[in-house]
Amino acid sequence: MGVDADVLTDWFDEVGRDLPWREPECSAWGVLVSEIMLQQTPVARVQPIWLEWMARWPVPSALAASSQGEVVRAWGKLGYPRRALRLHAAAAVIAAEHGDVVPSDVDTLLALPGIGAYTARAVAAFAYGKRAPVVDTNVRRVVARAVHGAGDAGPPSNTRDMADVEALLPPEDAPAAKLSAALMELGALVCTARSPRCADCPIYEDCAWQRAGKPAYAGPAKQIQKFAGTDRQVRGLLLDVLRGSEGPVEKARLDLVWDESGQRDRCLDSLLVDGLLEQTQDGLFALPGEH
DNA sequence: TACTCGTGGTT
DNA sequence: TAACCAAGAGT
């Protein structure tokens, strides 16, 4: 019933994707960078940027030695650019306090900026082969279906979600880490949100949702995120001007990207507060450190 | 807990 | 076409 660890692990060995951060020779730093980039950003868009980053910044101290602006620029259009600043800050801490070695301990990882419950355990499991409940949106969905027989995961509850996954993990480190990767891969490739490919599922027979006749999701409606017209869109447009420019720009350039001046100025201010932009002595706007 | 924070592909 | 979705974190 539920999830057969051996069957799922074998399936993962067979059809799991050959992603560069899964190569045995990939460093823990490479794993960490991939995990941050993959937060809410699809694999296909992360991969080319990750390869550039690994070539340019092969160790945390190399990234820390670059300016924030260079890092934000190299982040490109992966989205949520505050992640780039947090990764830069994390790299500085790793270089200064951890001998340029990414920590393997979950609590130490959790203390780093931009690393939360998911990423800390993902690094411990995928970079260091540790047994840890790695709970992302894919795993939550797989557990909701295969274990609980629901159509989809309900609202997240970190404690309960991690306990659910912990109960599935085999006792030894290496097999547990591998199952963690397999659970995520199943959610990404087969047990997908929109139209799950149950015909290709290795644990179809054991799946509680399938056994129950695949009932529709019965939980509370999920809040849909608007984008058009939000501050998020305006901030993105403003920052894109700086990414596309060599040096500082005048405010008049930024004023072109959005009509409504109140929202525009509020967003510009929030970018300054976040440290994604800076203002020069002449009143121009620049990426942090690039003036 | 609920909300905010980018971007672009898929249905 | 608009809605949905994507390896979350911070507040």
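In this text, all values refer to a predicted model and were calculated from it rather than measured experimentally. A note on names: the letters A, B, ... follow the listed sequences, proteins ahead of strands, and every chain is numbered from 1.
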Round to the nearest Å and state the distance from [X] atom [atom1] to [N] atom [atom2].
X: D231(A); N: dT7(B); atom1: CG; atom2: C1'; value: 16 Å
X: R235(A); N: dT4(B); atom1: CZ; atom2: P; value: 12 Å
X: R86(A); N: dG6(B); atom1: CZ; atom2: P; value: 10 Å
X: D161(A); N: dT1(B); atom1: CG; atom2: P; value: 10 Å
X: K226(A); N: dG6(B); atom1: NZ; atom2: P; value: 18 Å
X: K222(A); N: dC3(B); atom1: NZ; atom2: C1'; value: 17 Å
X: Q40(A); N: dC3(B); atom1: CD; atom2: C1'; value: 13 Å
X: Q233(A); N: dC5(B); atom1: CD; atom2: P; value: 12 Å

Base, sugar-phosphate alone, or nothing: which one does [X] contact when heavy atoms must sit under 4.0 Å apart?
X: Q223(A); result: nothing
X: D274(A); result: nothing
X: A44(A); result: nothing
X: L239(A); result: nothing
X: T230(A); result: nothing
X: A122(A); result: nothing
X: R141(A); result: sugar-phosphate
X: V46(A); result: nothing
X: L183(A); result: nothing
X: W75(A); result: nothing
X: S195(A); result: nothing

Under 4.0 Å from OP1 or OP2 of dG6(B): is there any side-chain N or O of R82(A) that close? no

dG6(B) phosphate, OP1 or OP2, under 4.0 Å from K77(A) side-chain N/O:
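Looking at the OP1 and OP2 atoms of dG6(B), neither is under 4.0 Å from any side-chain N or O of K77(A).
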
Are any of the side-chain nitrogens in D269(A) or R266(A) under 4.0 Å away from the carboxylate oxygens of its partner?
no

Shortest non-hydrogen pair, L169(A) vs A176(A), comes out as CD2-O, 3.8 Å

Quick note, R45(A) side chain, CB onward, closest among dC5(B), dG8(B), dT10(B) is dG8(B)

Among dG9(B), dG6(B), dT7(B), the nucleotide that comes nearest once only the side chain of R243(A) is considered: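 Among the listed nucleotides, the one closest to the side chain of R243(A) is dT7(B).
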
Next item on the list: By nearest nucleotide on DNA chain B, pick out whichever of P155(A) and F227(A) is the more 5' one.
Entry: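 Final value for this comparison: P155(A).
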
Between S157(A) and G79(A), the residue closer to the 5' end of DNA chain B by nearest nucleotide is S157(A)

ask   = On a whole-Å scale, what distance lies between the P atoms belonging to dG6(B) and dT11(C)?
value = 14 Å

Using the P atoms only, state how far dA7(C) lies from dC3(B), rounded to an integer number of Å. 23 Å

*Check each of T159(A), N158(A), D164(A) against M162(A) using the side chain to side chain contact (heavy atoms under 4.5 Å, CB included) test, and report the only one that passes.*
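Running side chain to side chain contact (heavy atoms under 4.5 Å, CB included) over T159(A), N158(A), D164(A) with M162(A) returns exactly one hit, N158(A).
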
Per side chain to side chain contact (heavy atoms under 4.5 Å, CB included), R73(A) is matched among L242(A), L239(A), L287(A) by L287(A)

Need to verify one output field. Residue with the more 5' nearest nucleotide on DNA chain C, P113(A) or R194(A)?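 Closer to the 5' end of DNA chain C: R194(A).
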
Testing the 3.5 Å rule here: is there a donor-acceptor pair between the side chains of [X] and [Y]?
X: R83(A); Y: Q40(A); answer: no
X: R253(A); Y: S245(A); answer: no
X: Y118(A); Y: Q39(A); answer: no

Next item on the list: Report yes if the side chains of L85(A) and D274(A) come closer than 4.5 Å at any heavy-atom pair, otherwise no.
Entry: no

Its 5'-most and 3'-most nucleotides having an atom under 4.0 Å from a non-hydrogen atom of chain A, DNA chain C is contacted over dA3(C) to dG10(C)

- Message: For R17(A), is there any backbone N or O sitting under 3.5 Å from a side-chain donor or acceptor partner on E185(A)?
- Response: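 It does hold such a pair.
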
